[in-house]
Peer 1: 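Before I ask anything, let me first share the structure, which is written out below as structure tokens.
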Amino acid sequence: MKIELHEISVRDVVNGYVDSEENGVVGYGGRLNIRPAFQREFIYKDKQRDEVINTIRKNFPLNVMYWVLSDDGGYELLDGQQRTISICQYVNGDFSINHMVYDNLTPEEKEQILDYKLMVYICEGTDREKLDWFKIINIGSEELEDQELRNAIYTGEWLTEAKKYFSKPGCPAYKVASEYLSGSAIRQKHLETAIKWIADRDGVEIEDYMARHQHDTNCSELWLYFQNVINWVKVLFPNYRREMKGLAWGIFYNKYSGQTYDPKQLEARVVDLMEDDDVKNSGIYEYLLSGDERPLNIRAFTPKMRRAAYERQKGICPKCGKHYEIDDMHADHITPWSKGGKTIAENCQMLCADCNRRKSDI
């Protein structure tokens, strides 16, 4: 990969600056693609953004930036998007610092900003070299999310459309499903979740799904599938609870949407399980759909309960009648939890590993 250092003035960078949101951000007379597909959305906080401008006004050096020479003779901004957009937005009058916008400055102050030299490394190389270099130079900064890196590889109209639905503040996915999704839309978490779910439906990895659809002209399949998942959840569990946030609803939909459930019966069971001290609440919904008790993570017997049961049994397994050391035995519910048994000392028995396994297999 070829890398050369250049000094480029703020004046040149902000020339022709246009932010077309989903359609991209450009500067440098229209020759610099400030937000290529592998870049994250603008995430600087006000204080970080202001400090970029304060650094320039004090003539202090900013960290170097990296541009990549494109096949068409233009440039893509490889590293420095947050700083570059901060500069362009300020000169464009999009925000103020200490109640002063750019137009409030004196002609001399404006010229000082415009004449400020940015240190830019211009790089030439393949797409893979660019991505690998991007990872390297971002090691010391805010780490890229996995989906942000995937977006760098599977660029195209399909991804652009998908980001409209899943990657913006207040995007359609956020409006219909914010209560069910965890993570930040702007950091691509909602998009990653949706693709993960639909990829699971197709029995492939996220990367495989994105590769298959990279050159599609729209993402209607993904968006319609996502809405079906959320609507299914809302019909089965109309009473929202905070424990529903961030669950793998798409995975559940793929496995269980073909089954028939009674929402009223489900709600009654939710109420019962929420009141059960032995149950871990986050597993309730998967348990109700699958019937598998493991997601409930039933409360374990305490060491004191285990020791009391062991001493009461004198180390004898009640199933096979053999003696074992306590570390070779497992605490077990005498009356199973599914039949109303509680995790209390009186309902604890110690079984050897083999008997415990055979009991679990029944």
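What you see is a predicted model, and the numbers here were worked out from it, not measured in a lab. Basis for what follows: all heavy atoms, side chains included, without hydrogens, waters or symmetry-related copies. All residue numbers in this chain count up from 1 along the given sequence.
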Peer 1: May I ask you to check whether Phe252 and Trp232 place their ring centres under 6.0 Å from each other?
Peer 2: no
Peer 1: Does the Arg49 side chain pair with the main chain of Ile85, one donor and one acceptor, at a distance under 3.5 Å?
Peer 2: no
Peer 1: For Val120, is there any backbone N or O sitting under 3.5 Å from a side-chain donor or acceptor partner on Tyr66?
Peer 2: no
Peer 1: Counting distance only, does the side-chain N/O of Tyr225 pair as donor-acceptor with the main-chain N or O of Arg201 below 3.5 Å?
Peer 2: no
Peer 1: Counting only heavy atoms from other residues, nucleotides and ligands, does the tally under 6.0 Å from NZ of Lys234 exceed 12?
Peer 2: yes
Peer 1: Above 12 or not: heavy atoms from other molecules or residues under 6.0 Å from NZ of Lys342?
Peer 2: yes
Peer 1: If you take all heavy atoms of Phe301 and Asn347, which pair is closest and at what distance?
Peer 2: CZ-O, 3.7 Å
Peer 1: Starting from Val18, walk the hydrophobic network (Ile, Leu, Val, Met, Phe, Trp, Tyr; side-chain heavy atoms closer than 4.5 Å) and list everyone else you reach, by chain and number.
Peer 2: Val26
Peer 1: Within the structure provided, determine whether Val270 and Tyr285 are in side-chain contact (heavy-atom separation under 4.5 Å).
Peer 2: yes
Peer 1: Could you state whether Val101 and Val91 fall into the same hydrophobic cluster, counting links through intermediate Ile, Leu, Val, Met, Phe, Trp or Tyr residues with side-chain heavy atoms under 4.5 angstrom apart?
Peer 2: no
Peer 1: Would Asp354 and Arg357 pass as an ion pair if we require N to O under 4.0 Å?
Peer 2: yes
Peer 1: Would you confirm whether Asn98, through its side chain, and Met100, through its main-chain N or O, come within 3.5 Å as a donor-acceptor pair?
Peer 2: no
Peer 1: Side-chain heavy atoms under 4.5 angstrom apart, residues restricted to Ile, Leu, Val, Met, Phe, Trp, Tyr: same cluster for Met305 and Tyr324?
Peer 2: no
Peer 1: Determine whether a donor-acceptor pair (N or O, by modelled atom type, separation under 3.5 Å) exists between the side chain of Arg83 and the backbone of Val64.
Peer 2: yes
Peer 1: Taking Asp332's backbone N and O only, do any of them form a donor-acceptor pair with Asn356's side chain (distance below 3.5 Å, no angle check)?
Peer 2: no
Peer 1: What distance do Lys196 atom NZ and Lys189 atom NZ have between them, rounded to the nearest 0.5 Å?
Peer 2: 9.0 Å
Peer 1: Please evaluate residues Leu236 and Leu289 with respect to the criterion side-chain contact (heavy atoms from CB on, under 4.5 Å), reporting the C-alpha separation (whole Å), side-chain torsions for both, the decisive distance (0.1 Å), and the verdict.
Peer 2: CA-CA 10 Å; Leu236 291 188; Leu289 294 170; 4.0 Å; yes
Peer 1: Do the non-hydrogen side-chain atoms of Arg306 and His330 ever get within less than 4.5 Å of each other?
Peer 2: no
Peer 1: Judged by modelled atom types alone, do Asn151 and Gln188 share a side-chain donor-acceptor pair under 3.5 Å?
Peer 2: yes
Peer 1: Once rounded to the nearest 0.5 Å, what's the spacing between atom CH2 of Trp223 and atom CG of Asn228?
Peer 2: 11.0 Å
Peer 1: Any link between Trp158 and Leu224 through a network of hydrophobic side chains (Ile, Leu, Val, Met, Phe, Trp, Tyr) touching at under 4.5 Å?
Peer 2: no
Peer 1: Do Glu4 and Lys2 meet the salt-bridge criterion of a basic N to acidic O distance under 4.0 Å?
Peer 2: yes
Peer 1: Taking the cut-offs as 6.0 angstrom to the six-membered ring centre and 45 degrees off its axis, would you call Lys168 and Tyr174 a cation-pi pair?
Peer 2: no
Peer 1: Do Asn231 and Tyr253 have a side chain donor and acceptor closer than 3.5 Å?
Peer 2: no
Peer 1: Is any side-chain N of the basic residue among Asp262 and Lys264 closer than 4.0 Å to the acidic one's carboxylate O?
Peer 2: no
Peer 1: Looking at Phe166 and His190, what are the two nearest heavy atoms and their distance?
Peer 2: O-CB, 3.4 Å
Peer 1: If you take all heavy atoms of Gly27 and Ile34, which pair is closest and at what distance?
Peer 2: N-CD1, 3.7 Å
Peer 1: Is it true that Arg294 and Glu286 have a side-chain N and a carboxylate O under 4.0 angstrom from each other?
Peer 2: no
Peer 1: State, without any angle test, whether Asp276 and Trp337 hold a side-chain donor-acceptor pair at a distance under 3.5 Å.
Peer 2: yes
Peer 1: Side chains of Met65 and Met119: does their closest heavy-atom pair fall under 4.5 Å?
Peer 2: no
Peer 1: With a cut-off of 6.0 Å (strictly less than), are more than 12 heavy atoms of other residues, nucleotides or ligands near CD of Glu205?
Peer 2: no
Peer 1: Can you find a heavy atom in the side chain of Asp146 that is under 4.5 Å from one in the side chain of Glu192?
Peer 2: yes
Peer 1: Does Gln112 reach the main-chain N or O of Ile56 with its side chain, forming a donor-acceptor pair under 3.5 Å?
Peer 2: yes
Peer 1: Within the 4.5 Å heavy-atom criterion, are Val52 and Ile87 side-chain neighbours or not?
Peer 2: yes
Peer 1: Is the side chain of Asn92 donor-acceptor paired with the backbone N or O of Asp94 at a distance under 3.5 Å, no angle test?
Peer 2: no
Peer 1: So which atom in Trp249 and which in Met244 form the shortest heavy-atom distance, rounded to 0.1 Å?
Peer 2: NE1-O, 2.9 Å
Peer 1: Would you compute the distance between atom CD1 of Ile3 and atom CG of Leu69 and round it to the nearest 0.5 angstrom?
Peer 2: 13.0 Å
Peer 1: Under 4.5 Å between side-chain heavy atoms, counting indirect links through other Ile/Leu/Val/Met/Phe/Trp/Tyr residues: same cluster for Met350 and Ile334 or not?
Peer 2: no
Peer 1: Below 4.5 Å, heavy atoms only, C-beta onward: do Ile195 and Leu222 meet side chain to side chain?
Peer 2: yes
Peer 1: Kindly indicate, with the supporting measurements, whether the criterion side-chain contact (heavy atoms from CB on, under 4.5 Å) is fulfilled by Asn15 and Asp12.
Peer 2: CA-CA 5 Å; Asn15 177 36; Asp12 290 336; 5.6 Å; no
Peer 1: Compare every heavy atom of Lys255 with every heavy atom of Gln259, then report the nearest pair and how far apart it is.
Peer 2: NE2-O, 4.4 Å
Peer 1: What pair of heavy atoms forms the shortest contact from Thr55 to Leu62, and how long is it?
Peer 2: CG2-CD2, 3.8 Å
Peer 1: Do Ile97 and Arg57 come within less than 4.5 Å of each other through their side chains, counting heavy atoms only?
Peer 2: no
Peer 1: Establish, yes or no, whether the cationic atom of Arg31 lies under 6.0 Å from the six-membered ring centre of Tyr75 and within 45° of the ring axis.
Peer 2: no
Peer 1: Say you draw a straight line from NZ of Lys164 to CG of Leu191; how long is it, rounded to the nearest 0.5 Å?
Peer 2: 14.0 Å
Peer 1: Is the centre of the Tyr90 ring less than 6.0 Å from the centre of the Phe95 ring?
Peer 2: yes
Peer 1: Is a donor on one side and an acceptor on the other found under 3.5 Å between the side chain of Glu51 and the backbone of Gln48?
Peer 2: no
Peer 1: In Å and rounded to the nearest 0.5 Å, what is the CE to CD1 distance from Met210 to Ile198?
Peer 2: 12.5 Å
Peer 1: side-chain contact (heavy atoms from CB on, under 4.5 Å) for Arg242 and Lys245? Distances and angles first, verdict last.
Peer 2: CA-CA 6 Å; Arg242 59 184 177 83; Lys245 189 177 185 66; 5.8 Å; no
Peer 1: Given the side-chain rings of Phe226 and Tyr165, with only the six-membered ring counted for Trp, is the space between their centroids under 6.0 Å?
Peer 2: no
Peer 1: Check the pair Ser9, Tyr116 against side-chain contact (heavy atoms from CB on, under 4.5 Å), reporting the backbone distance first and the verdict last.
Peer 2: CA-CA 5 Å; Ser9 69; Tyr116 182 89; over 6 Å; no
Peer 1: Verify the neighbour count for atom NZ of Lys110: are there more than 12 heavy atoms of other residues, nucleotides or ligands below 6.0 Å?
Peer 2: yes
Peer 1: Quick check on Asn239: does its CG atom have over 12 non-hydrogen neighbours (other residues, nucleotides or ligands) under 6.0 Å away?
Peer 2: yes
Peer 1: Mind checking the CD1-OG1 spacing from Ile251 to Thr193? Nearest 0.5 Å is all I need.
Peer 2: 9.5 Å
Peer 1: Would you say the side-chain atoms of Gln349 and Tyr310 include a donor-acceptor pair closer than 3.5 Å?
Peer 2: no
Peer 1: If we only count heavy atoms from C-beta on, is the Glu221 to His213 side-chain gap below 4.5 Å?
Peer 2: yes
Peer 1: For the residue pair Tyr261 and Tyr256, is the inter-centroid distance of their aromatic rings smaller than 6.0 Å?
Peer 2: no
Peer 1: Following the transitive rule for hydrophobic clusters with a side-chain heavy-atom cut-off under 4.5 Å over Ile, Leu, Val, Met, Phe, Trp and Tyr, establish whether Ile344 and Leu351 coincide in one cluster.
Peer 2: no
